[in-house]
Amino acid sequence: MAVRKEEEQQTQLAGHNDLGHKSLLQSDALYQYILETSVHPREHQSLKELREMTEKHPWNLMATPPDEGQFLSMLLKLMNAKNTMEIGVYTGYSLLSTALALPPDGKILALDVNREYYELGLPIIQKAGVAHKIDFREGPALPLLDELLKDENNKGRFDFIFVDADKDNYLNYHKRVTDLVKIGGLIGYDNTLWNGSVVAPPDAPLKDYVKRLLPHVKELNKYLAQDSRIQICQLPVGDGITLCRRII
Ligand code: SAH
Ligand code: CA
């Protein structure tokens with residue numbers, strides 16, 4: 001039993017789990033229960049369509065799982081968010097979840113190096129009637145953020161910023177998005193438990209990309225924990241999401 005548990009853990013640390021889902025929950029049955037009971041029955045038809053389209057894409061592993069989409073949507077509604085930013089769009093599951101949760105005059109500044117991924121989901125977003133809320137900009141996020149920061153009016157302009165792109169840049173993003181989000185606003189960093197690998201023993205058989213980015217994820221987690229500008233809360237939703245409320 002103990003051996004089996006260890007094997008399971010090793011498989012999971014290798015960058016995927018054998019349970020057939022993306023959640024960090026160790027029980028497949030329990031995760032399926034959440035999906036079947038609370039998530040799928042409430043998932044917007046367009047989100048379902050976008051999710052199923054993305055499941056056929058080679059990088060589907062990157063897509064936000066639907067329970068996390070549901071969580072983001074709840075959060076945005078509770079906050080009354082209107083002006084948001086997303087760094088790392090892929091085919092747009094979290095983007096569409098956000099767009100559907102925002103009021104009709106809500107806005108999302110969406111940044112991604114890859115427009116082709118975004119365009120895969122775009123027809124579905126258009127059909128959902130929320131494309132007018134999205135301002136997509138193609139390119140590496142860092143220079144785009146620096147450009148935004150040149151205009152004082154952008155500082156403190158955002159209610160919510162979701163960071164879900166290149167993990168080795170999260171700390172660079174953090175320094176910038178903390179000035180762009182308003183005091184009392186929220187930043188969400190995704191994948192902060194990095195497939196469970198944050199607790200991997202040094203000799204764990206990790207996938208190359210997991211191993212390469214792991215030090216960056218750990219460094220971010222440490223940094224956030226001591227940053228007095230923010231209040232934090234790390235949740236085991238999806239692959240781990242750390243919420244940061246800007247205090248000063
Ligand atoms: N939020 C998405 C998943 C994002 S996956 C969803 O819900 O499905 C990570 C994305 O980050 C990819 O689309 C990738 O193209 C993008 N990315 C990687 N490096 C980037 C960078 N330097 N700047 C902006 N986007 C980047
Ligand atoms: Ca993610």
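First listed ligand is number 1; within each ligand, the first listed atom is number 1.
For L95, no nitrogen or oxygen atom sits less than 3.5 Å from a nitrogen or oxygen atom of ligand 1, counting backbone and side chain alike. In terms of polar-atom proximity, defined here as any N/O pair under 3.5 Å, F162 makes no such contact with ligand 1.
Geometry note: the Ca ion (ligand 2) is the vertex, N191 OD1 and D190 OD2 are the arms, and the angle is 80° (rounded to 10 degrees).
Assignment of G139 to the shell around ligand 1 is supported, since a heavy atom sits closer than 4.0 Å.
Residue D164: an N/O/S atom is found under 3.0 Å from the Ca ion (ligand 2). In summary, no N, O or S atom of T64 is located under 3.0 Å from the Ca ion (ligand 2).
Listed by number with element, the atoms of ligand 1 under 4.0 Å from a non-hydrogen atom of M62 are 3 (C), 5 (S), 12 (C). Of all the atoms in ligand 1, the ones that sit under 4.0 Å from a non-hydrogen atom of Y173 are 21 (C), 22 (N), 23 (N). For ligand 1, the atoms sitting less than 4.0 Å from at least one non-hydrogen atom of A165 are 11 (O), 17 (N), 25 (N), 26 (C), numbered in the order shown with element in parentheses. The ligand atoms of ligand 1 that sit less than 4.0 angstrom from a heavy atom of A63 are 8 (O). Every atom of ligand 1 is numbered from 1 in the order shown, and the set under 4.0 Å from a heavy atom of T64 is 1 (N), 6 (C), 7 (O), 8 (O). Near Y90, meaning under 4.0 Å from any of its heavy atoms, are these atoms of ligand 1: 2 (C), 3 (C), 4 (C), 5 (S), 8 (O), 13 (O). The contact set between ligand 1 and P140, taken as ligand atoms under 4.0 Å from a residue heavy atom, comprises 23 (N).
Screening R157, R246, M85 for a side chain to side chain contact (heavy atoms under 4.5 Å, CB included) with L180, the sole residue that qualifies is M85. Checking each of L95, L111, V113 against V89 for a side chain to side chain contact (heavy atoms under 4.5 Å, CB included) leaves exactly one that passes, namely L95. Applying side chain to side chain donor-acceptor pair (under 3.5 Å) to T91 and the options N60, N114, T54 leaves one that passes, T54. Applying side chain to side chain contact (heavy atoms under 4.5 Å, CB included) to L96 and the options I108, L122, T64, L47 leaves one that passes, L47.
Counting only heavy atoms of the protein, atom 10 (C) of ligand 1 lies nearest to D112 OD2, 3.5 Å. The protein heavy atom nearest to atom 23 (N) of ligand 1 is A141 N, 2.9 Å. Looking at atom 2 (C) of ligand 1, its nearest protein heavy atom turns out to be V89 O, 3.2 Å. Ranking the protein heavy atoms by distance from atom 21 (C) of ligand 1 puts D166 OD1, 3.5 Å first. Protein heavy atom in closest approach to atom 9 (C) of ligand 1: D164 O, 3.2 Å.
Taken together through direct or relayed side-chain contacts under 4.5 Å among Ile, Leu, Val, Met, Phe, Trp and Tyr, Y117 and L144 form parts of separate hydrophobic clusters.
When the options V113, L142, L111 are ranked by their closest heavy atom to atom 26 (C) of ligand 1, first place goes to V113.
Distance CG/L102 to CD1/I134: 9.0 Å, rounded to 0.5 Å. Taken to the nearest 0.5 Å, the NZ atom of K207 stands 15.0 Å off from the CG atom of L214.
Note on ring orientation: taking the six-membered ring where Trp is involved, the planes of Y173 and Y170 are tilted (angle from 30° to 60°). Aromatic ring orientation, Y223 versus H174: perpendicular (interplanar angle above 60°, classes split at 30° and 60°).
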Salt bridge (Lys or Arg N to Asp or Glu O under 4.0 Å) evaluation trace for K107 with D159: CA-CA 10 Å; K107 291 271 172 279; D159 303 310; over 6 Å; no

Audit row: K167, D164, salt bridge (Lys or Arg N to Asp or Glu O under 4.0 Å) steps and yes/no: CA-CA 8 Å; K167 315 304 168 202; D164 192 15; 3.3 Å; yes

Salt bridge (Lys or Arg N to Asp or Glu O under 4.0 Å) evaluation trace for E219 with K222: CA-CA 5 Å; E219 195 190 355; K222 266 197 187 154; over 6 Å; no

Step-by-step side chain to side chain contact (heavy atoms under 4.5 Å, CB included) determination, L109 to L148: CA-CA 11 Å; L109 180 60; L148 283 176; 3.6 Å; yes

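The proximity of Y117 to ligand 1, defined as any non-hydrogen pair under 4.0 Å, is limited to the side chain. Under 4.0 Å from ligand 1, not a single heavy atom of Y118 appears.
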